[in-house]
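Submitted below is the structure of interest, expressed as structure tokens.
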Amino acid sequence: MSEMIIKNGFVFDPLAGIKGEKKDIGIKDGKIVDASEVKKGKEIDASGKTVMAGGVDIHTHVVGPKVNVGRLMRPEDKLFRSRTKERNTRMQMGFAVPSTYATGYAYARMGYAYVNEAAMPPLHSPHVHEEIRDTPILDISAMPVMGNNWFQMEYLKQGEIENNAAYTAWLLRATKGIGIKCVNPGGTEAWGWGMNCLTIHDPVPYFDITPAEIVKGQIQTNEFLGLPHSLHVHGNNLGNPGSAETTLDTLKLAEGITTNNKFGREQVLHNTHLQFHSYGGTGWGDFESASQKMMDYVNKQKNISFDVGFVTLDETTTMTADGPFEYHLNHLNHLKWANVDVELETAAGVVPFVYDKNSKVCDIQWAIGLELALLAKDHMKCHLTTDHPNAGPFTRYPRVIKWLMSKQARDELLHSFKYADKVIDATIIESMDRELDLYEIAQMTRAGTAKCLGISNMYGGLTPGMNANVAIYDLNPEDMPKDPEMIESAFSRAAYMIKDGVVVVENGDVIATTPRKTIWTDAKYPLNELVERDIREKFLKYYTVELENYMVFDDHVYNTVPLEVESPAA
Amino acid sequence: MPKVIKNVGCPYCGCSCDDVEVTVSDDGKHVLEVKNVCAIGTEIFMHGGDREGRIRLPRMRQEDGTFKDVSFEEATDFMAKTLLKAKKPLMYGFGSTNCEGQAAAARVMERAGGMLDNCASICHGSSFLAIFDNGYPSCTLGEVKNRADVIVYWGSNPAHAHPRHMSRYSIFPRGYFSGKGHKGKTVIVVDPRFTDTARVADHVLQVRQGHDYDLFCAFRMVLHGHADDIPDVVANIPKEKILEVAEILKNARFVNIFFGMGLCHSDGRNHNIDIAISMTRDINQFTKCTIMAMRGHYNIAGPGQVWSWVFGFPYCLDLTKKNMAHMNPGETSSVDLAMRDEVDAFVNIGTDAGAHFPIPAVQHLKKHPFITIDPSVNMASEISDLHVPVKICGVDDGGIVYRMDNVPIQFRQVVNAPDGVPSDEEFLDGVYERMVELEGEKFDE
């Protein structure tokens with residue numbers, strides 16, 4: 001295979017502690033090598049440019065059933081909002097919920113190499129893998145949704161961590177998933193009856209377990225198995241005024257639990273899209289930011305990480321396994337509503353939403369996201385996401401970076417709001433002078449996310465031996481542009497994106513594709529007789545799909561890379 | 001020894017039952033026996049494999065009107081050249097093929113710059129229009145099995161069209177919260193005819209043909225608290241009956257409404273589905289309610305899924321711009337295109353447009369090259385210029401299909417197709433490669 005050298009760039013590699021030093025990066029056979037090893041091949045001049053590892057998105061919704069419902073039910077998302085096909089691409093359709101081809105190319109243009117699909121209903125996992133096959137360039141992992149899984153609720157109610165671990169390891173193998181995702185624990189099962197769990201102590205109908213017990217039990221299961229990623233939680237009471245209280249209750253469940261894994265991650269709980277969970281007030285009238293209170297707690301905890309879920313003030317399509325939330329959201333805007341309850345496992349809802357710049361509530365949501373990131377002390381544990389497409393499309397990441405790096409850009413937008421005064425009263429954004437630097441952006445978008453996912457031996461850095469995913473941006477750290485728009489523009493159109501040693505983007509245009517990979521966790525912890533019997537019984541009596549057809553056939557998983565793990569507790 | 005293969009998916013209706021047991025001959029060439037299948041599914045299995053009379057080579061129409069066997073290479077070349085020559089080729093069908101074939105068709109038609117459509121265009125296409133407007137609060141069939149205590153079949157007759165639907169998913173099975181099976185469930189059938197499905201119903205509402213919308217309006221008025229204002233009889237249904245059924249819906253634990261083409265193809269069409277979805281939303285104010293389309297073929301939900309992730313639209317795709325997809329049912333839908341004689345080459349795949357399109361539409365299509373890709377002889381194949389036999393998905397080919405509730409089901413191959421017969425995917429990939437050879441330059445994926 002080919003060799004390549006990237007010369008004279010300003011390198012930002014937080015995994016190796018490199019902070020903008022001028023350095024050459026060598027590439028050989030799809031891997032990073034020491035620059036001295038490269039004798040021939042292509043030379044890329046990165047003088048005056050920023051060099052980072054390929055981006056790693058820890059939480060996005062780009063493949064699978066609910067994403068496809070979003071595409072299917074919104075033809076208007078394509079109208080006048082799609083990019084025309086480039087010479088070396090397939091057609092690229094859609095804005096808020098782009099087609100798989102549009103998704104792969106758009107991430108690559110921004111310098112991303114890896115994305116984690118954060119919600120895979122196990123029953124629908126063959127669908128997820130079909131879409132992964134049709135998503136160009138990106139390496140993808142997917143997380144099976146388990147917070148309302150009947151097996152798990154029954155095992156955890158009895159305190160049977162070992163049985164739960166055996167089932168979880170089996171489910172990861174069956175679905176080719178990477179880790180445990182938990183959405184509105186208990187509340188989504190309650191939605192099967194049109195109900196919800198709004199606090200962590202509301203009992204789940206019939207199952208007689210509480211969200212707190214589910215979350216705690218899943219953390220223990222995760223550490224029992226020693227999985228690469230921690231438990232990935234979307235807690236109860238998302239999106240409602242006062243959600244910060246419920247969130248703090250949830251985060252406190254991790255207190256005193258230590259990690260047990262060989263992948264280098266330090267957290268036991270990852271709280272996703274923390275922005276939606278950091279709301280104060282008692283109703284939409286006194287709705288306010290609770291970011292300070294949230295970060296006062298989070299900054300002190302060593303074993304918690306989070307991604308933000310920045311609101312980008314766009315028209316988008318919300319979609320989540322939090323079925324009751326989508327139903328309530330639909331009552332706020334009365335647009336169309338799709339819902340898919342999935343037998344024995346989970347649910348999902350899809351509702352279009354307009355984050356209107358002239359709405360006080362939307363603007364406060366925008367401010368809360370930025371506040372969380374600006375208050376964070378360690379950006380290895382604070383990640384850049386928009387919970388795509390829920391708080392905004394992933395294609396707005398460069399815009400979010402602009403807001404984080406420029407107070408001027410934030411203030412200009414803030415003071416253009418119709419209800420700017422009310423937004424300023426309800427938030428602390430105006431008083432914040434902090435501007436993040438490129439090193440912190442690299443932490444938020446590749447180093448920290450790769451570490452939290454447990455894949456930092458392959459992704460998120462530029463150490464020899466890692467996958468040769470390199471993004472080069474037209475930004476000179478010694479001479480940063482005065483105009484914040486230039487920052488957005490640079491991160492929108494990578495000067496070069498190299499995936500597995502192949503230049504796939506040049507000057508913001510897609511010029512090639514590479515074979516992509518499916519990353520999953522092969523947890524070796526075995527089934528025992530009891531769990532095996534439980535699985536057979538539930539499939540025989542309650543599922544509508546045969547057990548032997550439920551597990552994804554190997555032929556249907558694209559180019560797999562298993563992360564093998566022996567349970568440290570076994 | 002004959003071999004028994006279990007957990008096989010059935011390639012007939014939208015139930016996509018995956019519990020079939022198939023006994024195949026020693027040599028793996030014939031199906032000897034099938035279990036857990038309805039009468040229609042059985043016939044499909046019995047036609048698979050290396051049976052006598054099966055078409056093994058493509059057949060090309062000669063000048064004298066007769067068919068002549070040709071090689072697959074010749075067929076591939078003919079189709080590639082036909083697509084490239086045509087200004088507005090149309091490929092239609094896909095109810096009976098796997099998702100891999102549908103994805104391959106998307107590649108071919110994107111390159112050809114043509115029209116791409118599936119059978120939904122003439123069945124549940126109107127339901128899609130309602131979904132575009134109003135969403136789709138639905139669930140998987142296991143939710144119905146485990147939770148539902150009230151089942152509504154509106155404008156659908158599963159006893160004939162989906163033979164195992166009632167026993168596998170809705171009325172008869174005993175689920176987790178529905179341990180009494182049929183005894184614990186209330187069944188409501190709304191249909192102008194007294195169907196065989198109506199025989200097992202607790203409440204039969206013989207709605208006046210074409211007046212479903214009126215009846216939905218009446219139900220919605222009752223649900224919104226305006227019962228006093230509805231007339232004594234609505235669409236042939238007495239007010240007392242409407243009130244009684246509305247009360248059942250409100251007091252249920254979990255309602256599911258299954259609707260069929262009796263709703264989406266009678267007067268009102270997409271508006272019937274639109275108001276059905278609105279009624280579903282209304283009932284959610286009282287209890288849990290979901291709604292589901294009774295999709296016809298075992299994988300007719302498939303193209304809607306595959307093309308949504310590839311192009312963003314489920315059907316009626318206009319790819320003629322070559323750099324952007326467009327969809328506008330009525331303008332870009334197959335029958336409308338054919339009636340306006342806009343299509344200058346037609347590919348019928350995994351369906352029978354000859355039997356299902358209006359005769360004037362077929363007459364227009366017949367003026368131009370007409371190709372059928374199908375394992376069987378059907379009306380379309382017999383008027384084709386080229387008939388290409390392929391494997392039967394679910395019998396001699398595996399792959400993924402989408403059940404009526406959009407759950408992906410993995411199908412298995414149980415017997416070997418006759419030597420040399422390709423799958424839809426393999427044949428279409430060959431056509432794509434030939435187009436690349438003829439035109440030069442391939443775009444990567």
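Keep in mind that the numbers below use all heavy atoms, side chains included, and drop hydrogens, waters and symmetry copies.
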Q.
Taking the six-membered ring for Trp, are A/Trp337 and B/Tyr136 closer than 6.0 Å centroid to centroid?
A. no

Q.
Quick check on the interface: out of A/Gly194, A/Gly94, A/Pro75, A/Ser99, who has the most heavy-atom pairs with chain B under 4.5 Å?
A.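 Most pairs with chain B among the choices: A/Pro75.
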
Q) Would you say the side chains of A/Glu130 and B/Tyr402 form a donor-acceptor pair under 3.5 Å? A) yes

**Q.** Interchain contact, B/Thr287 with chain A, by part (heavy-atom threshold 4.5 Å)
**A.** neither

(Q) Quick one: does any side-chain atom of A/Tyr327 pair with a main-chain N or O of B/Asn284 as donor and acceptor, under 3.5 Å? (A) yes

Q. Can you check whether B/Ile131's main-chain N or O pairs, donor with acceptor, with A/Lys336's side chain at less than 3.5 Å?
A. no

Q: Identify which of A/Thr135, A/Asn549, A/Asp555 forms the greatest number of heavy-atom pairs closer than 4.5 Å to chain B.
A: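 Maximum pair count with chain B is reached by A/Asn549.
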
Q) Using the benzene-type ring in the case of Trp, are the ring centres of B/Phe411 and A/Phe553 under 6.0 Å apart? A)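 No, the ring of B/Phe411 stays outside the 6.0 Å limit from the ring of A/Phe553, centre to centre.
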
Q.
Between B/Tyr169 and chain A, with a heavy-atom cut-off of 4.5 Å, which part of the residue counts as in contact: side chain, backbone, both or neither?
A.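 Just its side chain gets close to chain A.
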
Q.
Using modelled atom types and a 3.5 Å cut-off, is there a donor and acceptor pairing between side-chain atoms of B/Arg147 and backbone atoms of A/Trp193?
A. no

(Q) Within residues 316-326 of chain B, which residues come under 4.5 Å of chain A, heavy atom to heavy atom? (A)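 From residues 316-326 of chain B, the residues near chain A are B/Leu319, B/Lys322, B/Asn323, B/Met324, B/Ala325.
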
Q: Keeping the roles fixed (side chain from A/Asn68, backbone from B/Trp309), state whether a donor-acceptor pair exists under 3.5 Å.
A: yes

Q.
Using only atom types and a distance under 3.5 Å, with no angle test, would you say the side chain of B/Asp18 pairs donor to acceptor with the backbone of A/Glu546?
A.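 Yes, because the side chain of B/Asp18 sits within donor-acceptor range (under 3.5 Å) of the backbone of A/Glu546.
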
